[in-house]
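Written below as structure tokens is the structure these notes are about.
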Amino acid sequence: MDRDPRVCVFGEDVGHYGGSYKVTKGLAEKYGDLRVLDTPIAENSFTGMAVGAAMTGLRPIVEGMNMGFLLLAFNQISDNCGMLHYTSGGQFTIPTVIRGPGGVGRQLGAEHSQRLESYFQSIPGIQMVACSTPYNAKGLMKAAIRSENPVVLFEHVLLYNLKERIPDEEYVLSLEEAEMVRPGEHVTILTYSRMRYHVMQAAKTLVNKGYDPEVIDIRSLKPFDLYTIGNSIKKTHRVLIVEECMRTGGIGASLTAAINENFHDYLDAQIVCLSSQDVPTPYAGTLEEWTVVQPPQIVAAVEQLLQNPFVRATPIKGAGLGLGVRVGQKVISNQGGLGWAGGGRGKEGLGGLGWAGGGRVKEGLEKPFLHTAGLDAPHGVHQMYIRPSPMERASPGAPEPRASPAPPEPCLVVSNGRAPEWN
Amino acid sequence: MAQLTHRTSSLLKPLSFATRHLSSTTPITIETSLPFTGHNIEPPSRSVETTPQELLKFFRDMALMRRMEIASDSLYKAKLIRGFCHLYDGQEAVAVGMEAAITRKDCIITAYRDHCLFLGRGGKLVEAFAELMGRKEGCSKGKGGSMHFYKKEGGFYGGHGIVGAQVPLGCGLAFAQKYSKDENVTFAMYGDGAANQGQLFEALNMAALWDLPAILVCENNHYGMGTAEWRAAKSPAYYKRGDYVPGLKVDGMDAFAVKQACKFAKEHALKNGPIILEMDTYRYHGHSMSDPGSTYRTRDEISGVRQERDPVERIRKLVLAHDLATEKELKDTEKELRKEVDDAIAKAKESPLPDPSELFTNIYVKGYGVESYGADRKELRAVLP
């Protein structure tokens with residue numbers, strides 16, 4: 001703001017209050033009320049105002065008090081922010097920065113724990129970046145302000161209290177570049193924002209076990225830094241994506257597609273994507289923990305990836321429909337097709353397979369809706385494409401159930417970070 | 001609905017009778033057809049100063065706009081214009097009157113009924129037709145279409161498809177004007193349909209809070225697509241909807257009333273903050289080309305307004321009454337404009353379609369890549385392809 005008088009801040013409580021997370025503390029005293037504008041609670045309109053101001057040459061920074069509130073401004077972000085440069089044939093540039101804290105915090109409730117990167121990623125014309133460390137935050141923020149394009153900068157509620165030594169000199173990071181956090185040889189772990197810390201925690205465990213993960217903080221969510229990612233995949237041939245977005249339509253899903261398209265030949269195993277569950281974030285602390293990826297799950301997934309190069313992280317069928325795992329069930333795959341989970345111990349009767357890698361369920365967790373089955377179960381709750389079991393369809397006139405192709409080898413059962421058991 | 005045809009256009013006896021050899025800058029005073037109605041404000045006077053030059057210019061501009069819209073109608077039916085096409089004929093007085101009251105440094109932003117406002121702000125006919133037909137020479141390079149006309153040099157900020165979304169943008173333009181302290185105003189235009197949008201009131205609140213030089217202009221053509229205003233709004237007195245923000249109701253079919261109101265509003269906004277202008281106007285076509293316009297209103301109503309309140313006719317009568325041109329001269333002017341429009345259409349038809357590579361241009365500025373450097377200033381990171 002010192003360097004360029006056109007930079008201004010719009011947001012709720014950014015001025016006199018100093019920002020709800022104190023990001024803009026002290027700015028209003030220094031630059032005045034017009035440059036650090038306390039807006040009323042009208043996200044749609046003040047985002048629109050920022051875009052209008054940007055059309056004339058100002059460089060506004062819009063703060064959403066929580067990223068979830070920016071859903072109210074979706075029209076302005078998508079149509080006006082993202083598309084105006086295009087629909088005006090290049091006449092107007094919109095150098096806005098839209099930033100705010102998102103992500104799952106400490107029991108903030110469903111509406112205040114949203115990850116908007118998955119909703120915004122399709123908007124043409126905007127760039128998205130996610131910062132994870134103080135060094136990143138400063139560099140990316142500077143780059144975003146200086147960029148002529150609209151940039152959405154995703155911060156995380158739980159990362160505001162991090163302390164780090166950063167250089168005194170001025171530095172600017174590139175908006176499209178990923179950061180190599182820990183070089184390695186065995187597996188590429190792609191992550192961003194808060195999950196970086198979970199991954200690093202898991203990495204410690206993995207290193208102790210003798211694995212050498214390469215951790216990359218992708219930082220740039222749109223466009224992906226496929227250059228860095230690609231180089232890494234060419235080295236390690238295995239990818240694990242750990243993200244806080246929902247499984248359906250999240251950043252991980254797009255990244256999986258992008259990597260599959262571009263680097264398929266270099267992959268030795270299926271890309272594994274660990275994401276949050278497709279649920280509204282619950283308030284209860286334990287449930288909230290289970291919606292997000294935790295370090296033991298990351299460790300388990302890496303081990304699974306590395307032990308068996310051809311493992312198929314078979315989807316957990318039926319889980320989305322609330323059919324949980326029975327207590328103590330060791331779930332294995334058999335040559336039957338995919339059917340409902342809860343088939344009992346390998347019973348053929350109800351159509352076979354529950355899950356590969358189902359894991360042991362903690363005692364007492366028989367309630368069907370707890371399909372996450374504790375921290376032990378690896379992620380992968382695909383809720384698409386559920387086919388009814390042969391028994392279900394065995395009514396007169398029903399088409400013959402198709403035999404599903406048998407999985408190439410018996411799948412792993414992984415439980416609780418211990419050595420995997422073969423069946 | 002009956003009110004619409006009851007406006008007696010008390011066609012004004014000229015207060016100063018002049019001969020044909022009137023110098024083009026001699027002031028003429030004209031009274032507007034109706035007095036202004038104010039809300040929380042003293043309305044301006046009904047007498048407007050004008051000159052013969054301005055009168056003739058009004059006639060010419062409005063006739064050109066009318067001709068352009070009718071030509072767009074035929075182009076649409078010939079399938080040269082596709083998609084949505086929202087025509088402005090009937091409402092030309094608003095565009096022309098507003099333009100006369102302000103400078104090119106003031107900003108105008110409107111919704112999708114933007115063809116004539118684009119012309120008023122200095123847009124060329126060829127650019128307009130080429131954009132409508134999706135050609136490269138269009139004002140937005142063919143990539144915007146009917147609803148996305150912009151002219152940065154002319155201070156015309158569009159051209160927006162989503163109803164009501166342009167009003168916060170307009171307040172943002174006003175914010176920027178206040179920020180840079182240039183004594184200009186923004187006219188954020190919207191229709192009676194958009195007047196029920198929440199973001200309008202949010203933006204109005206903010207504009208009033210910070211005294212932004214924003215003038216909100218409601219072009220009330222009494223129908224929000226197919227819904228009459230009394231079916232959509234509990235209070236169709238849109239100029240009063242601002243509550244603490246003063247408002248003015250203007251006869252939008254009288255270009256001089258519009259000019260007077262806009263001049264008044266500009267002075268007000270620069271001193272006291274936002275003001276709402278409600279332009280009581282009418283559109284002859286339907287909401288867009290896919291709407292015949294007769295399912296929700298009678299043809300009698302449309303022809304009634306055309307006979308009694310047509311803006312171009314009003315100016316024509318004024319010109320004739322003040323003896324500034326003969327009937328024949330005006331007809332010749334219209335023929336000339338018709339030819340101009342036809343020439344522009346022909347030129348636009350010959351213009352090439354955009355290159356396929358244009359699909360990917362102008363999404364980001366300068367491709368992507370911000371040059372970045374580390375703290376030691378020596379290392380320059382590679383810019384990604």
Side-chain angles (χ1 to χ4, degrees), chain A residues 6 8 33-35 37 39-58 60 75-76 79-80 82 84-93 95 124-125 127 139 142-144 146-149 166-177 223 225-227, chain B residues 107 109 131 138-145 147-148 150-152 157-162 165-180 186 198-203 205-206 209-210 361-366 368-377 381-385:
Chain A
R6 297 172 299 169
C8 50
D33 277 343
L34 197 65
R35 275 187 86 183
L37 196 64
T39 59
I41 307 177
E43 281 81 10
N44 198 357
S45 299
F46 69 70
T47 313
M49 279 184 67
V51 174
M55 279 165 97
T56 62
L58 292 190
N75 174 49
Q76 299 288 353
D79 294 340
N80 294 329
L84 253 180
H85 186 63
Y86 189 81
T87 55
S88 67
Q91 288 180 67
F92 297 114
T93 57
Q127 281 188 261
K142 276 185 177 294
R146 292 177 204 205
S147 167
E148 293 293 324
N149 296 307
I166 56 176
D168 285 330
E169 305 91 356
E170 198 186 313
Y171 65 95
V172 172
L173 291 174
S174 171
L175 285 176
E176 298 94 24
E177 207 175 342
D225 180 4
L226 289 176
Y227 183 72
Chain B
C107 307
I109 188 169
E131 183 63 36
C139 51
S140 305
K141 299 193 187 144
K143 296 198 275 195
M147 296 190 282
H148 297 286
Y150 303 92
K151 192 154 189 83
K152 188 166 185 180
Y157 287 82
H160 295 274
I162 304 292
Q166 75 276 10
V167 178
L169 256 67
C171 290
L173 297 171
F175 175 82
Q177 285 169 333
K178 187 175 172 114
Y179 194 96
S180 34
T186 300
Q199 48 190 323
L200 206 140
F201 296 97
E202 292 177 10
N205 175 42
M206 287 195 269
L209 195 58
W210 302 317
T361 58
N362 295 130
I363 297 184
Y364 295 103
V365 178
K366 292 190 276 201
Y368 3 106
V370 173
E371 263 193 14
S372 68
Y373 43 91
D376 64 358
R377 303 242 167 194
R381 306 297 196 114
V383 170
L384 294 176

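This is a predicted model, so every value here is computed, not measured. Naming convention: chains lettered A, B, ... in sequence-line order (proteins, then strands); numbering from 1 in each chain.
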At a 4.5 Å cut-off on heavy atoms, which part of [X] comes close to chain B: side chain, backbone, both, or neither?
X	result
A:T47	neither
A:Q76	side chain
A:L58	side chain
A:D79	side chain
A:L84	side chain

Can you tell which of A:P60, A:A53, A:C8 has the highest number of heavy-atom pairs within less than 4.5 Å of chain B? A:A53
Option in A:G82, A:S88, A:A54, A:P124 with maximal non-hydrogen atom pairs under 4.5 Å from chain B: A:S88
Between [X] and [Y], which heavy-atom pair has the shortest distance, and what is it?
X	Y	result
A:T56	B:A176	OG1-CB, 3.0 Å
A:N75	B:A165	ND2-CB, 3.4 Å
A:L37	B:F175	CD2-CE1, 3.4 Å
A:S45	B:P168	O-CB, 3.4 Å
B:L173	A:G52	CD2-O, 3.2 Å
A:P40	B:N205	CG-ND2, 3.7 Å

Could you give the distance from [atom1] ([X]) to [atom2] ([Y]), rounded to the nearest 0.5 Å?
X	Y	atom1	atom2	result
B:L200	A:N44	CG	CG	11.0 Å
A:N80	B:Q166	CG	CD	9.0 Å
A:M49	B:W210	CE	CH2	5.0 Å
B:I363	A:Q127	CD1	CD	12.0 Å

If you tally heavy-atom pairs under 4.5 Å between each of B:E131, B:K141, B:K143, B:Q177 and chain A, the highest tally belongs to B:K143
Contact part of B:I162 toward chain A, heavy-atom cut-off under 4.5 Å: side chain, backbone, both or neither? side chain
With a 4.5 angstrom heavy-atom cut-off, could you sort out which part of B:S180 is near chain A: side chain, backbone, both or neither? neither
Which residues satisfy the side chain to side chain contact (heavy atoms under 4.5 Å, CB included) test with B:K178, sequence neighbours excluded? B:D211, B:L212, B:P213
Going by atom types alone, do B:Y179 and A:R35 pair a side-chain donor with an acceptor below 3.5 Å? yes
Near A:I41 CD1, under 6.0 Å, is it more than 12 heavy atoms from other residues, nucleotides or ligands? no
B:Y157 and A:F92 aromatic ring geometry - parallel, tilted or perpendicular at 30°/60° bounds: parallel
Counting N and O atoms only, with roles assigned by atom type, does the side chain of A:Q91 sit under 3.5 Å from a partner on the main chain of B:C139, one being a donor and the other an acceptor? yes
